[in-house]
Number of protein chains: 2
Amino acid sequence: MIFTTKAEYGVRLLVELGRQPNDTPVSLKAIAESEGLPLAYLERIVALLKRAELVESTRGAHGGYRLARDPASVTMDQVVVALEGSVSPMSCFVDDSDDGRVLCSHVEDGEACATKFLWLRVQGGVIEALRRTTLAELVAFSLKQDEAQTPAPLGSALPLHSAA
Amino acid sequence: MIFTTKAEYGVRLLVELGRQPNDTPVSLKAIAESEGLPLAYLERIVALLKRAELVESTRGAHGGYRLARDPASVTMDQVVVALEGSVSPMSCFVDDSDDGRVLCSHVEDGEACATKFLWLRVQGGVIEALRRTTLAELVAFSLKQDEAQTPAPLGSALPLHSAA
DNA sequence: CTTAATCCTACCAATTAGGTCGGAAAACTT
DNA sequence: AAGTTTTCCGACCTAATTGGTAGGATTAAG
């Protein structure tokens, strides 16, 4: 497995927040129920997102979380770095910079192992895939998805071909 | 961590075999010593490579392993699939086909979670990076590497600008 | 002042990672 | 034939990580 459930749940949480039309805060309890995720665990995950300033919170009754930034400006590499700490394809890659790009530790100077060459490519592929996916894109995907299931959510016309 | 040491050691082992000029078999013991890896563990790893028909073995004294195929035709996605079983970015991805490309299990029909969309992209990025890297490329990289360190290995000319 | 929420820290069980051990079987050497 | 070198195979083992729970403190709304 590449990513843990922290990334999985964290992304789902962000998508859920992004689906909210207004920016009134949503409680974790509501998200936990709608997504079927354990509340206590979500609490720890959302703390990572908050530390990365991807979400904002308001405490107390009627409190909850909302997105701190425009979903279109939030790329998934930022999200994954916030949740998982880094994007390292191999344990010999050790945290260094702030963008999830890390260096191979058992390569000191100009020396380089051939495998480092490979893992760097893989890392690049992952980061590029993450970077070109925005939260807005995932939110749009999610909205289109249940629009296809529930034809007329509120004020939509033409609920045709909804057979089966 | 994306890949485990199985992938790391397995690739290093293959590179080591690829560096061998003739195709006389190399013993695991020799590789374990030159790479500083535990022999018993390497045995289990090379078994995976053999099962995938990436290496061949001869038993007994003066036996060992050699590459079963032209290094230029061996792409890293094949290697990683042989070693790790599959390339799944997320635990909800479940083994299916034979090329390391797997499907998300909690998406049954046409339904798709937004995160699946993301993990598929990541998986694609990884597989593409692996697929465009051949064993021959890594071997060449490795050979060039210690050529740079030890200027004149055998019959090489012009060991110039080797200062510092 | 009660309730609903975020926050925070410690604990915990199951799985996996990474590796060891002991020995069997095969092929070569003497 | 005996011994040595190797592959082969399966059980075992330890430490770390994952994925979670528990319990409470804090903050704000009604």
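Each chain gets a letter, A, B and so on, in the order its sequence line appears, and its residues count up from 1.
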Peer 1: Side-chain N or O of B:Tyr9 versus OP1/OP2 of C:dG19: is the shortest distance under 4.0 Å?
Peer 2: yes
Peer 1: What are the two closest heavy atoms between B:Asp77 and B:Ile127, and how far apart are they?
Peer 2: CB-O, 4.4 Å
Peer 1: Between B:Gln20 and B:Pro25 (side chain of the first, backbone of the second, donor and acceptor by atom type, cut-off under 3.5 Å), is there such a pair?
Peer 2: no
Peer 1: Quick one: closest heavy-atom pair of A:Leu49 and A:Leu83, and the distance?
Peer 2: CD2-CD2, 3.7 Å
Peer 1: Report yes or no: does A:Glu84 contribute a side-chain atom to a donor-acceptor pair with the main-chain N or O of A:Thr4 at less than 3.5 Å?
Peer 2: yes
Peer 1: Just how far, in rounded Å, is C1' of D:dT6 from CZ of B:Arg66?
Peer 2: 13 Å
Peer 1: Hey, are the side chains of B:Leu17 and B:Ile31 touching, using non-hydrogen atoms and a 4.5 Å cut-off?
Peer 2: yes
Peer 1: Tabulate atom names and distances for all N/O pairs under 3.5 angstrom spanning the protein and nucleotides 28-30 of chain D.
Peer 2:
unit_1	atom_1	unit_2	atom_2	d
D:dA29	O3'	A:His62	ND1	3.4

Peer 1: Any side-chain N or O of B:Ser57 less than 4.0 Å from the OP1 or OP2 oxygen of D:dT7?
Peer 2: no
Peer 1: What is the ring orientation for A:Tyr41 with A:Tyr9, classed by angle as parallel under 30°, tilted 30 to 60°, or perpendicular over 60°?
Peer 2: perpendicular
Peer 1: Mind calculating the distance between CD (A:Glu8) and P (D:dT18) to the nearest angstrom?
Peer 2: 15 Å
Peer 1: Over how many whole Å does the gap from B:Met90 atom CE to D:dT18 atom C1' extend?
Peer 2: 13 Å
Peer 1: Going by number, which of residues 26-36 of chain B have a non-hydrogen atom under 4.0 Å from DNA chain C?
Peer 2: none
Peer 1: Answer yes or no: is there a side-chain heavy-atom contact under 4.5 Å between B:Leu13 and B:Leu28?
Peer 2: yes
Peer 1: Can you pull out every salt bridge (charged side-chain N to carboxylate O under 4.0 Å, His left out) where at least one residue sits in residues 33-57 of chain B? Sequence neighbours excluded, please.
Peer 2: B:Arg12-B:Glu35, B:Glu56-B:Arg66
Peer 1: I'd like to know if the side chain of B:Gln123 and the backbone of B:Val87 have a donor-acceptor N/O pair within less than 3.5 Å.
Peer 2: yes
Peer 1: side-chain hydrogen bond (donor to acceptor under 3.5 Å, both in side chains) with A:Thr133: which residues, sequence neighbours excluded?
Peer 2: B:Arg121
Peer 1: Could you check how far CD of A:Glu56 sits from C1' of C:dC7, rounded to whole Å?
Peer 2: 16 Å
Peer 1: Output all residues satisfying side-chain hydrogen bond (donor to acceptor under 3.5 Å, both in side chains) with A:Asp23, sequence neighbours left out; order by chain, then residue number.
Peer 2: none
Peer 1: Heavy-atom contacts under 4.0 Å between residues 37-55 of chain B and DNA chain C, which residues?
Peer 2: B:Pro38, B:Ala40, B:Tyr41, B:Arg44
Peer 1: Indicate whether OP1 or OP2 belonging to C:dG18 is found under 4.0 Å from a side-chain N or O atom of B:Thr4.
Peer 2: yes
